[in-house]
Amino acid sequence: GNHDLISQEHLDMMNGTASGVPCLLPHGSSIEVEVKKSRGGHASAGKETVLSPMDEVPEQSALDLTETTGENYPEGKIPPPCTKATHTKQQVLGGLTKEERAAVYATRTFPKHTKLSKRERQDRQWRKQNEGQVRLLEKMKDLHQSPMPIKDPLAKEDIVRIGAVHGIPASHNEGMRKIAREEYFDSLKEVCSAPIDVLVTHSNPLLPGQEGKIKGEDAPRMLEYFMKSSAKLYVHGHVHSEPIVTVMGQGKIVVNSDCRVVAFMPNGTSSPNGPVPGT
């Protein structure tokens with residue numbers, strides 16, 4: 001969700017003692033979970049297969065300056081050798097006269113410094129201030145890496161394919177709590193383009209009848225991607241609203257699981273309140 005930071009405990013949680021399937025779903029990709037029947041007839045999770053790996057989070061590259069030898073500089077004014085991420089343009093030219101600088105410019109070209117956007121500055125600042133979270137994010141990527149081959153989407157009926165996108169769309173990145181809006185919907189589009197059965201997001205869609213309560217353009221896009229996907233079940237959180245379960249067209253179901261535990265039971269199964277009627 002976007003309310004909590006990732007902890008090592010989240011990474012350590014597994015579904016069952018032998019399945020080896022992490023409780024923490026991947027971000028921007030899908031997994032296959034083999035569902036097996038236990039003796040009591042209940043479903044349990046089997047082994048996981050990653051369908052598409054999470055994209056690497058690009059690091060901000062340092063200013064790249066080509067190494068310079070002393071023969072390019074006037075005698076007596078030789079700055080230290082310039083290597084990658086070591087010397088900036090100001091360091092190379094510092095202390096030189098106007099004529100000496102002109103001689104340097106005549107023998108080499110400095111790459112232009114690209115000014116960071118507001119979002120890039122915010123991203124960099126967050127990563128500097130949350131080094132522990134950055135390390136856990138790297139572990140999260142490794143958690144879902146698997147050498148197992150991708151199974152045929154139509155091969156077995158006991159395979160459940162789950163696609164997930166963490167956090168909420170925002171103006172900038174804050175780990176898995178907030179994802180830059182463009183990146184968020186790129187991830188959602190990729191997930192919904194895969195052959196999934198279940199879509200899980202923290203952020204919420206806009207359901208019929210909620211138009212006056214939920215504002216903005218993000219929630220309608222969430223629902224649009226789900227409706228165009230192959231997923232039949234969409235589980236989300238973020239807003240604690242009604243209805244809990246919404247049956248959409250095309251046999252699709254949306255569940256609001258914010259601060260709730262929702263259990264689906266087969267038709268005719270007994271519950272504390274009596275038999276569940278068939279539908």
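Quantities reported herein were computed from a predicted structural model and do not represent experimental measurements.
How far NZ of Lys232 is from CD1 of Ile253: 10.0 Å, rounded to the nearest 0.5 Å. Distance check: Tyr234 OH to Thr246 OG1 gives 11.5 Å after rounding to the nearest 0.5 Å. Here CD of Glu174 is found 9.5 Å from CD of Gln125. Values are rounded to the nearest 0.5 Å. Interatomic distance, Arg221 CZ to Lys189 NZ, rounded to the nearest 0.5 Å: 9.5 Å. Distance check, rounded to the nearest 0.5 Å: CG of Leu223 to CG of Asn204 gives 10.5 Å. For the atom pair CD (Gln250) and OG (Ser230), the distance works out to 11.5 Å, reported to the nearest 0.5 Å.
When all heavy atoms of Val235 and Ser257 are compared, the closest pair comes out as CG1-OG, 3.4 Å. Shortest non-hydrogen contact noted between His166 and Leu25 is NE2-O, 2.7 Å. A pairwise comparison of heavy atoms in Ser203 and Tyr184 identifies CB-OH, 3.4 Å as the closest pair. In this structure, Leu96 and Arg101 approach most closely via the heavy-atom pair O-NE, 3.5 Å.
The backbone N or O of Asp258 sits less than 3.5 Å from a side-chain atom of Asn256, completing a donor-acceptor pair. With Thr107 contributing its side chain and Val104 its backbone, the two residues share a donor-acceptor pair below 3.5 Å. With Gln129 contributing its side chain and Trp126 its backbone, the two residues share no donor-acceptor pair below 3.5 Å. Judged purely by atom type and a 3.5 angstrom limit, Ser30 has no side-chain atom pairing as donor or acceptor with the backbone of Ile196. A donor-acceptor pair is defined here as one N or O able to donate and one able to accept, closer than 3.5 Å; such a pair exists between the side chain of Ser117 and the backbone of Glu120. Checking side-chain atoms of Glu100 against main-chain N and O of Thr97 turns up a donor-acceptor pair under 3.5 Å. Here the side chain of Asn173 pairs no donor or acceptor atom with the backbone of Asp123 at under 3.5 angstrom. A donor-acceptor contact shorter than 3.5 Å is absent between the side chain of Glu138 and the backbone of Arg135.
Looking only at side-chain heavy atoms (C-beta outward), Ile31 and Pro26 come within less than 4.5 Å of each other. Taking 4.5 Å as the limit, some side-chain heavy atom of Met248 sits within range of a side-chain heavy atom of Pro208. You'll find the side chain of Pro205 reaches within 4.5 Å of the side chain of Leu207, heavy atoms only.
Ring geometry for His238 versus His202: interplanar angle over 60°, hence perpendicular rather than tilted (30 to 60°).
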Assess whether side-chain contact (heavy atoms from CB on, under 4.5 Å) is satisfied between Thr201 and Met222, documenting all intermediate values. CA-CA 9 Å; Thr201 69; Met222 303 287 293; 3.6 Å; yes
Run the numbers on Lys228 and Glu224 for salt bridge (charged side-chain N to carboxylate O under 4.0 Å, His left out), then give the verdict. CA-CA 6 Å; Lys228 290 181 178 179; Glu224 179 183 358; 3.1 Å; yes
Derivation of the side-chain contact (heavy atoms from CB on, under 4.5 Å) call for Leu188 and Cys192: CA-CA 6 Å; Leu188 183 62; Cys192 290; 3.9 Å; yes
Test side-chain contact (heavy atoms from CB on, under 4.5 Å) on Val191 and Leu199 and set out the steps. CA-CA 8 Å; Val191 167; Leu199 173 64; 3.9 Å; yes
Test side-chain contact (heavy atoms from CB on, under 4.5 Å) on Val255 and Phe264; report intermediate values, then the result. CA-CA 11 Å; Val255 176; Phe264 286 91; 3.4 Å; yes
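Met13 is not connected to Met140 by any chain of hydrophobic side-chain contacts under 4.5 Å among Ile, Leu, Val, Met, Phe, Trp and Tyr, and they are in different clusters. Both Phe185 and Met176 belong to a single network of hydrophobic side chains, linked directly or stepwise wherever heavy atoms of I, L, V, M, F, W or Y lie under 4.5 Å apart. In terms of hydrophobic clustering, with Ile, Leu, Val, Met, Phe, Trp and Tyr side chains grouped at heavy-atom distances under 4.5 Å, Leu137 and Leu11 are assigned to a common cluster. If you chain together hydrophobic residues whose side chains sit under 4.5 Å apart, Met14 and Ile6 fall into the same group. Leu206 and Ile168 sit in two unconnected hydrophobic clusters of ILVMFWY residues. Membership requires side-chain heavy atoms under 4.5 Å apart, directly or through other members.
Counting only N and O atoms by type, the side chains of His10 and Gln8 include no donor and acceptor under 3.5 Å apart.
The local environment of NZ in Lys252 is crowded, with over 12 non-hydrogen atoms from other residues, nucleotides or ligands closer than 6.0 Å.
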